[in-house]
There are 4 protein chains.
Amino acid sequence: MTSTRPLRADAARNRDLLLAAAESEFAERGASASVADIARRAGVAKGTVFRHFASKEDLIASIVCKHITALTGIARRLSDATDPGAALLEFLTAAADQRQRHDLTFLQSASESDPRVTQVRDELHAALGTLVDRAHRAGALRSDVTETDVFLLMCAPVHVVENLAAPAPLLWQRYLAIIFDGLRPDGAHPLPQPAPTLP
Amino acid sequence: MTSTRPLRADAARNRDLLLAAAESEFAERGASASVADIARRAGVAKGTVFRHFASKEDLIASIVCKHITALTGIARRLSDATDPGAALLEFLTAAADQRQRHDLTFLQSASESDPRVTQVRDELHAALGTLVDRAHRAGALRSDVTETDVFLLMCAPVHVVENLAAPAPLLWQRYLAIIFDGLRPDGAHPLPQPAPTLP
Amino acid sequence: MTSTRPLRADAARNRDLLLAAAESEFAERGASASVADIARRAGVAKGTVFRHFASKEDLIASIVCKHITALTGIARRLSDATDPGAALLEFLTAAADQRQRHDLTFLQSASESDPRVTQVRDELHAALGTLVDRAHRAGALRSDVTETDVFLLMCAPVHVVENLAAPAPLLWQRYLAIIFDGLRPDGAHPLPQPAPTLP
Amino acid sequence: MTSTRPLRADAARNRDLLLAAAESEFAERGASASVADIARRAGVAKGTVFRHFASKEDLIASIVCKHITALTGIARRLSDATDPGAALLEFLTAAADQRQRHDLTFLQSASESDPRVTQVRDELHAALGTLVDRAHRAGALRSDVTETDVFLLMCAPVHVVENLAAPAPLLWQRYLAIIFDGLRPDGAHPLPQPAPTLP
DNA sequence: CATGAATGAGTCTTCATTCAT
DNA sequence: GATGAATGAAGACTCATTCAT
């Protein structure tokens with residue numbers, strides 16, 4: 001299903017319905033949402049899920065790809081903003097906002113090994129690298145912090161909030177602000193461990 | 001199983017074996033680790049799991065309780081340290097360290113409704129409240145963050161690191177340092193959302 | 001499964017195989033017959049049982065419904081017979097005969113709470129009521145006996161016989177004759193307790 | 001456990017506690033009442049059950065024996081009553097009453113193969129035979145019914161009533177009266193099947 | 001292409017029974 | 001004798017996946 005063969009119109013529509021249904025179902029029920037429920041929500045038969053996605057894992061990977069790709073688009077659009085510091089904050093805000101609307105963290109690990117995911121992830125790393133570089137040069141980011149650091153911290157604000165039963169919808173902004181303060185150059189204390197490098 | 005009935009020596013040993021095995025298994029496979037695998041790892045029969053824990057949920061709750069209680073102990077021990085700021089950092093370090101060794105976040109939601117968990121969690125809130133108060137009075141903490149903020153941020157450093165396939169064992173210290181910098185009074189920017197209150 | 005969705009030919013066949021297998025299995029082993037055994041006897045996989053019946057209870061209720069409905073049909077067919085007394089005896093004979101071939105009494109209690117069962121049971125009460133009324137008017141039934149009495153006594157002849165290890169196939173007719181003699185007007189002694197009323 | 005070795009006082013007491021507890025538990029929960037519940041109700045440990053009874057089946061057989069033996073006692077006591085017809089009715093009343101208080105029918109089949117049960121059952125047959133003979137000679141019983149007929153019909157009145165959700169406590173007397181009317185000589189119609197003989 | 005019936009491995013849980021304490 | 005911890009074979013039920021229609 002990785003191939004780029006053109007789909008018949010109705011098939012393409014079913015694929016989109018399924019992706020949307022799966023997203024909602026995963027967001028509500030976690031990774032253990034059942035294929036049957038997803039199919040029902042999409043209004044198609046169970047068999048159709050497997051015509052479009054080789055396995056449940058594949059479906060998950062597709063969703064994750066879609067979201068990562070969206071983030072990459074945002075990062076690229078911000079790569080020539082006039083205020084690089086504000087641009088980075090805006091990216092992190094957009095990332096958290098997207099994650100807030102569809103809780104999909106847990107899905108990442110599930111699809112870690114999928115080559116499509118690694119590919120789009122690398123693209124996101126590249127795009128985010130540009131933002132981070134520019135922020136560094138503008139002095140908006142503490143110098144001992146790398147693109148990977150920012151990448152890893154990206155999902156933290158929403159994660160923090162998820163430990164609450166009924167968090168205010170925008171509460172994550174509070175924790176993004178705190179973490180972003182920790183990323184600023186002023187008042188930065190030396191970091192105890194070296195930055196990680198990607199494999 | 002909260003009752004204070006004294007356990008026979010061999011039974012107590014099995015209970016501990018089970019808790020340890022369950023911890024490892026949950027850490028490796030997530031909350032969907034099977035009771036059968038846990039039993040095998042502990043070297044006992046499946047039925048023995050249910051002799052010690054009324055259900056899988058009960059087992060999870062027991063583990064979570066154990067860990068929360070340990071944290072409460074740490075917080076209490078630090079409540080009269082001479083340097084309140086250092087004490088708070090030490091607590092967060094200990095918390096992250098514990099969580100790093102047994103990834104159990106996901107279990108929290110699973111046992112949210114268990115009264116034993118809510119009880120020990122409240123106790124942790126109280127103990128952490130003392131640490132935060134003292135840090136505030138010592139000027140070691142920005143004035144606009146609350147105990148609940150610190151509580152929620154507690155697990156973030158390890159969570160951040162979990163998105164990496166093979167993180168360096170102490171890498172979380174790096175993100176704890178960044179987040180803690182964000183909690184310091186110097187260079188703090190105003191927070192966009194009010195602090196959450198617990199139910 | 002009461003819905004009127006048309007079943008695919010093979011599915012309908014499996015459903016019937018399952019009902020038949022379940023009937024036999026329950027008759028032989030009682031209500032504790034296992035779903036696995038039923039599936040094996042029907043020549044299908046365990047999962048198929050649950051595709052057709054939401055639960056074991058649902059399966060039981062379906063069987064009970066089927067049998068009660070068959071009885072209702074018999075009662076209705078007899079409701080305009082020329083000899084009301086003979087018609088009632090014929091109904092009781094048919095009822096005992098059916099029950100003899102599939103011992104399902106014990107299942108009744110198991111499915112008491114199912115609304116489908118209560119519904120068809122009410123219909124049977126109504127149909128039997130007609131038979132009893134006509135028998136009363138024809139003087140073929142002692143006057144102090146009600147429809148509910150007849151309903152309750154319906155299964156007694158077969159039950160009586162079940163205490164025997166290897167009863168003659170038609171032995172129940174002997175006890176139906178005795179009980180029916182007890183229901184006749186001649187030689188009737190007054191009854192010590194009032195007739196029960198249905199809820 | 002069939003042996004007649006004298007038990008230590010406390011052991012004998014435990015045995016009685018267990019029998020009583022088992023009776024209640026079976027009456028409430030049916031044959032699937034668990035050994036654990038029975039032990040708890042008796043206030044002893046699970047292991048003790050198996051010290052007194054070789055198996056759950058053996059426990060059931062013991063209860064059934066106890067009840068059958070009690071009935072035999074009643075039958076013997078009535079064997080020289082002045083009115084043989086009244087004596088037979090009284091026996092059937094006592095039998096139904098006992099069965100009403102402890103629903104144990106289902107247990108019979110469970111213990112059919114136990115030699116102790118067959119033995120006491122034979123004794124009951126003998127004692128009941130005397131009552132039936134005398135009733136025949138007194139002209140209180142239709143001539144075409146045998147001791148085995150009466151034996152088999154013995155439990156019917158209570159069984160009939162069990163199909164009701166909440167029967168009046170003495171409702172079974174109504175059906176015993178009807179059945180007994182069927183056993184009287186007056187108005188008896190010929191029986192369609194020969195009387196069964198015991199193996 | 002889409003359907004949904006069938007599969008069967010796998011899940012949690014229960015329980016009669018055994019045996020070391 | 002009594003205890004209760006341990007066992008392991010079932011049991012009901014779920015679900016990703018396959019395939020005939």
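Keep in mind the model is a prediction, meaning the values are calculated, not measured. A note on names: the letters A, B, ... follow the listed sequences, proteins ahead of strands, and every chain is numbered from 1.
Across all strands shown, E/dA16 pairs with F/dT7; the Watson-Crick or G-U wobble distances both stay below 3.5 Å. Pairing for F/dT21 goes to E/dA2, judged as Watson-Crick or G-U wobble with the two contacts each under 3.5 Å.
Atom C1' of nucleotide F/dC13 and atom CG of C/Leu18 are separated by 15 Å, given to the nearest angstrom. Between D/Arg40 atom CZ and F/dA2 atom P there is a gap of 19 Å when expressed in whole angstrom units. Taking atom CZ on A/Arg15 and atom C1' on E/dA2, their separation rounds to 17 Å, with Å as the unit.
Contacts of D/Val49 with the nucleic acid, taken as non-hydrogen atoms under 4.0 Å apart, are absent.
The shortest distance between the side-chain N/O atoms of B/Thr48 and the OP1/OP2 oxygens of F/dT7 is below 4.0 Å. Between E/dC1 and A/His52, no contact under 4.0 Å exists linking OP1 or OP2 to a side-chain N or O.
For C/Arg51, whose side chain is taken as the heavy atoms from C-beta onward, the closest listed nucleotide among F/dA2, E/dG4, F/dA5 is E/dG4.
Checking A/Arg29 against A/Ser34 by side-chain atom types alone, no donor-acceptor pair falls below 3.5 Å.
For the atom pair CZ of B/Phe26 and CD1 of B/Ile63, the computed distance is 5.0 Å after rounding to the nearest 0.5 Å.
A 4.5 Å side-chain heavy-atom check between B/Arg40 and B/Asp37 finds at least one atom pair inside the cut-off.
The residue among A/Ala45 and C/Gly43 whose nearest nucleotide of DNA chain E lies closer to the 5′ end is A/Ala45.
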Counting primed atoms, P, OP1 and OP2 as sugar-phosphate and everything else as base, the B/S/- map of nucleotides 11-21 of chain E against protein heavy atoms under 4.0 Å is SSBB-SBB---
